[in-house]
Amino acid sequence: MRSVADMPVPGWEEGCEQISQVLERHRIALVGPRLLSRPTLPHLKIDTKLGDGPLYSIFDVWFHWMD
């Protein structure tokens, strides 16, 4: 699986590089799918109606909402 940062869009290379530099200056990292798909700690519960758990990913922890 590839991340957005790994897929250059023709004509956007310079803009993407500028965005990456700004994020880097602010110590913000783009997190890839390898980390986001890792399982969370077993005791964590995510409030969502889209799944029953008990296995949630790090993506679920960072980007959850009550749906």
- Message: When you compare the side chain of V22 with that of H26, does any pair of heavy atoms fall below 4.5 Å?
- Response: yes
- Find the distance between CG (L30) and CD (E24) and round it off to the nearest 0.5 Å. 10.0 Å
- Task: Supply the atom-to-atom distance S20 OG to I28 CD1, rounded to the nearest 0.5 angstrom.
- Result: 11.5 Å
- Between S57 and T40 the two heavy atoms that sit nearest each other are O-CG2, 3.3 Å
- Got more than 12 heavy atoms from elsewhere within 6.0 Å of CD, E14? no
- Query: Under 3.5 Å, is there a donor-acceptor pair between the side chain of E13 and the main chain of G11?
  - Reply: yes
